[in-house]
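The next block holds one structure in the form of structure tokens; read it before the comments.
Residue numbers begin at 1 in each chain, while the letters A, B, ... track the order of the sequences.
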Protein chains: 2
Amino acid sequence: MSALARRLAVARGDEPADLVVRGGTVLSVFTREWLEADVAIVDGFIAGLGSYEGREEIDAAGRYVVPGLIDSHMHIESTKLLPDELARLILPLGTTAIVADPHEIANVLGTDGVHWLHDASAGLQLEVFFMASSCVPASVFESPRRPLELGDLEALMRRKRVLGLAEMMNFPGVIAGDDTELAKLALEGAEHVDGHAPGVLGKALQAYAASGIRSDHEMLTVEEGRERLRAGVWLLIREASMARNLQALLPLVREYGPNRIAFCTDDRDPEDIADNGHVNGMVRDAVAAGIDPADAILMASFHPALWHGLTDHGAVAPGFVGDVLLLSDLETFLPDLVLKRGRRIDDVPTAEVPEWVRQTVRLKPVTAADFAIPWEGGSARAIGLITDQVVTESLEVDPLVVDGHVISDPERDLVKLAVAERHLGTGRIGMGLVSGSGLQRGALASTVAHDAHNLVVVGADDEDMAAAANRLAEVGGGIVVVDGGRVVAECPLPVAGLLSDQPLDIVVSQSRGCNDAAQQLGWVGATPFLTLAFLALSVIPSLKLTDRGLVEVDRFEIVPLAFGALAETSRPARD
Amino acid sequence: MSALARRLAVARGDEPADLVVRGGTVLSVFTREWLEADVAIVDGFIAGLGSYEGREEIDAAGRYVVPGLIDSHMHIESTKLLPDELARLILPLGTTAIVADPHEIANVLGTDGVHWLHDASAGLQLEVFFMASSCVPASVFESPRRPLELGDLEALMRRKRVLGLAEMMNFPGVIAGDDTELAKLALEGAEHVDGHAPGVLGKALQAYAASGIRSDHEMLTVEEGRERLRAGVWLLIREASMARNLQALLPLVREYGPNRIAFCTDDRDPEDIADNGHVNGMVRDAVAAGIDPADAILMASFHPALWHGLTDHGAVAPGFVGDVLLLSDLETFLPDLVLKRGRRIDDVPTAEVPEWVRQTVRLKPVTAADFAIPWEGGSARAIGLITDQVVTESLEVDPLVVDGHVISDPERDLVKLAVAERHLGTGRIGMGLVSGSGLQRGALASTVAHDAHNLVVVGADDEDMAAAANRLAEVGGGIVVVDGGRVVAECPLPVAGLLSDQPLDIVVSQSRGCNDAAQQLGWVGATPFLTLAFLALSVIPSLKLTDRGLVEVDRFEIVPLAFGALAETSRPARD
């Protein structure tokens, strides 16, 4: 008997189910009702709701039965965890499927890295879907190992579990109708495409939507959300570790209902997941804010599935996969039991990481001299940090100059920032200044630096900057804090310089150790390394630094450090 | 500049639109709001909503701007019109796209006929999508020209504009898990499949839904609708000429809102469309019954598109096709103006019908003797008509016997019914009796007889039955009324014996002439030929007649006319 024939026999009541969840209160995502029904599961699929017998039965009396949660947009690499460890972490929290954009590893290891991550997530109970990373590099000012070309994207989209084209971050290019971006949208498989359009409104938004991109997760305000909904753009409401938009956007759910709205975590660091949960935390917080529990669950299960065309996911209903959570209340959203395709969560075997994925940091040993900034006088540009935000200000400052060189000036909260190319060993280093970090001594370095993930280092002292950079080259990447020439805290991330190979508690402890150590050195703000990680992202305003130099994002061009300097802009061709 | 680049330039406001609908009140199907906005259209697509300039402008001040309507499930053949004439009829009523199941012509002409209908609807402004007819024949008791096999379905689903597998009418087979039916569902392209599950409830419904079939248009009651919605089955609410379910099911819209509910016309005859409109008539009637106009329009536009995965149809929004209606009120739903892909309705050129599509009636000349029923005494089965319904009763009657033969007995309202195989010229004729028609004299015949469309003839007189059948063979099919050996009314349907090649007003007049003539002969009920057309459909309860004999639908077997006769049942193997 085929699997489908067996499923039908169970649905008819002619054969016992593998498993029956008996006597619970089941959410119908279609009618938003709570129904009293048994759920019969066979071969991983739900056969029927009603009164059923099974070879095994789970008593769900007094409990709520809801579909497994789905993260509609996230980057695995932000969790710093290997897929198997991520599964160990979030499956018990009720996340049974994720839709991942692997653009971090794509910047570091190209399509090889993407294929590896795809393969590494293949056998897991956590179901990992992908989108093909559309913007590698994020801009022409960034230096990944190599760009992803049209053919790369097409090949990736032919893989199973790849659902479409990931967030089109080059929204100015799309809106302007750049040939390169439109060619991506015309690829076979790119009928389904995620958006990324921070701050875009009015006619620019109409153009972005007219291109066929029908989701966004970058809106911050009700007004941005409202325009997107009206233009037919799905809202993937994001609650990332830095960008937390849930509370600001929930009024839209109250006004319009949950249609065409889904939840996503985008970039969540491991501490955040450990402390606040995953998608289930968004459901909990939405319900605490007064959203109907059924609606909150819809946005975390059925709606992500709808948006991504996962037609047999996201519902407890006949023919859907047996991804089922048992909840004892509708407040905490910490499942009593998680069934993935009808099975309890198994022990997840530890994955092997091949050597080539660990050998990604190619950096010539650096010395303090590599961070020297010769200076002829005059004011300088500086990146103005806004505590714990990814956007920055573009400032004009008078740097401290000694012996014809700019040096860090912690007393005036103005320290050096460098981004060193680390994929091809070119030795290219971009230099800048940062205001508002609070750093008083030592240096912080990281190979997590969106999106190209070159090596970013900030320091009050050039020697410490060199020591921090060299340490990361030594351990194959990660984050590190150096004080007086000595490593005072570190979290090695040897897998592509992005992921740890350690279990969650060690990663969290190392990561917290680094944050604490940074704060010991004077850093203000709760998230020094997340802040650092976005200082090299050349598509978020205002002033950023890559290995190619300072990027004035709004003008979308490279600018010199010296404010008055001859505008030796080197705006690259964009086609 | 590519079409997409041009669309984006218009959206940005950098280029004028081809056409701007200015100053109207536009329905956002996503938020169910009415927005004051211009609609900019270029190259047939909507570029943006806002304030726009165009080379041509239409003043929509004071009017409502809504998406073109989409019929989510219908059979073109039931309108008796060629696709071009159908387009002339329903485009002005606001139907800009239809999803058709061509199973009538598939029964008559196999895949050749389907390909012809597909081609014949290719160049029309009315956008005609198809589903591949899943059940030809409807049952093993029916005799089409030839069955559609798995390979036929697969090939059809590879054609453009074919969206999936049409209504799976063999619902008992699906629920029972018959290999043949499950093989159809496993075909590539059959991920999208329409259902047909009259009266199915409880575990049988769970099984039907578990098979992956997620729509139905056969539900009659709120309770049937409710169970379907909860099981994840879309409701395609049908308002056909005979089966009118709208009013009975609207309470579900009031209770649950319009999500996962769409409108369809299924089988509409030309008189009905001329009198009551098309999908727009359903919107009008729903609004008259108190449904919010926005919700009613959603179910007639965006929701059909959603169900069928027509991702750029059904909304007035950037990137969607420019199918736009202007309405002067929200009551009549008779559009002031219809734009199809941004163009006003053009004159539709008259289509040529190839000769082979007209040569479908292969019937040896019949005489009264062909309708003789030798009788050895005892009671007989009779089909009990229920006025203007497609279901029948199974009756036991004492026939009038003269000279060892049963003859029609109009005085007791018991007349003869015959179904003659008309595709292959086999000469096979099934004989039965009908009670409740009211027919006092003469005969009615039709080559429209679902689903195999053999020749059905009912008569108070054997000579008239023969004359009626022979007349249809002569004109290539149609419907005819004979009285005293003379044709008193007819509507030739020479195209496959199903469609006229005449314009609407002639078809309506001929068709009404036939209905009137039938009523002159004593027929009770408003729809003699629609009633006749369903007497041969062996999948609708209770007693039906095909060229192979009487079918007891609930037992799904052939039964003899003689009630007490030895049960010479010939139930075919069903796997």
Side-chain angles (χ1 to χ4, degrees), chain A residues 1-2 4-13 28-33 35 40 45-52 174-177 179 182 185-186 191-192 202-214 226 229-233 255-257 259-260 309 311-312 315 317-320, chain B residues 1-2 4-13 28-33 35 40 45-52 174-177 179 182 185-186 191-192 202-214 226 229-233 255-257 259-260 309 311-312 315 317-320:
Chain A
M1 197 187 287
S2 74
L4 181 52
R6 190 156 168 250
R7 190 188 311 163
L8 300 185
V10 170
R12 293 192 306 270
S28 165
V29 296
F30 312 112
T31 60
R32 302 198 244 159
E33 292 170 300
L35 310 171
F45 280 82
I46 295 166
L49 270 62
S51 176
Y52 283 99
V174 170
I175 292 164
D179 289 346
L182 300 196
L185 293 175
E191 300 80 17
H192 180 58
K203 285 184 168 145
L205 180 67
Q206 298 295 306
Y208 195 66
S211 77
I213 300 175
R214 297 224 180 105
R226 192 194 309 281
L229 280 176
R230 287 174 175 170
V233 173
E255 185 173 354
Y256 294 115
N259 274 4
R260 301 174 74 85
T311 53
D312 57 5
F320 284 73
Chain B
M1 198 187 285
S2 74
L4 182 51
R6 190 156 168 249
R7 189 189 310 164
L8 300 185
V10 170
R12 293 193 305 269
S28 165
V29 297
F30 312 112
T31 61
R32 300 197 244 159
E33 292 169 299
L35 310 171
F45 280 81
I46 295 166
L49 270 64
S51 177
Y52 285 100
V174 171
I175 292 163
D179 289 345
L182 299 196
L185 293 174
E191 300 79 19
H192 180 58
K203 285 184 169 143
L205 180 67
Q206 298 295 307
Y208 196 66
S211 76
I213 300 175
R214 298 226 180 103
R226 192 195 308 282
L229 280 176
R230 287 174 175 170
V233 174
E255 184 174 354
Y256 294 116
N259 274 4
R260 302 175 72 85
T311 53
D312 57 5
F320 284 73

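- We find the CG-CG distance between Asn259(A) and Asn259(B) to be 4.0 Å, quoted to the nearest 0.5 Å.
- In this structure, no portion of Glu191(A) lies under 4.5 Å from any heavy atom of chain B.
- In this structure, Thr311(A) and Arg214(B) have side chains that are in contact, with non-hydrogen atoms separated by less than 4.5 Å.
- The choice from Ala209(B), Ala5(B), Ala317(B) that makes the most heavy-atom pairs within less than 4.5 Å of chain A is Ala209(B).
- Proximity to chain B is absent for every atom of Phe45(A), based on heavy atoms less than 4.5 angstrom apart.
- Of the atoms belonging to Leu205(A), not a single heavy atom falls under 4.5 Å from chain B.
- Here Ser211(B) is the residue among Gly50(B), Ser211(B), Ala315(B), Ala186(B) with the most heavy-atom pairs under 4.5 Å with chain A.
- Not one N or O on the side chain of Arg230(B) forms a donor-acceptor pair closer than 3.5 Å with the backbone of Ser28(A).
- No other option in Ala231(B), Ala210(B), Ala11(B), Gly257(B) has as many heavy-atom pairs under 4.5 Å with chain A as Ala210(B).
- Smallest separation of non-hydrogen atoms from Leu8(B) and Val174(A): CD1-O, 3.1 Å.
- The line from CG of Leu49(B) to CD of Gln206(A) is 5.5 Å long, rounded to the nearest 0.5 Å.
- Heavy atoms only, all atoms of each residue included: Lys203(A) and Ser51(B) are closest at NZ-O, 2.6 Å.
- A distance-only check finds no donor-acceptor pair linking the side chain of Arg260(A) to the backbone of Phe30(B) [under 3.5 Å].
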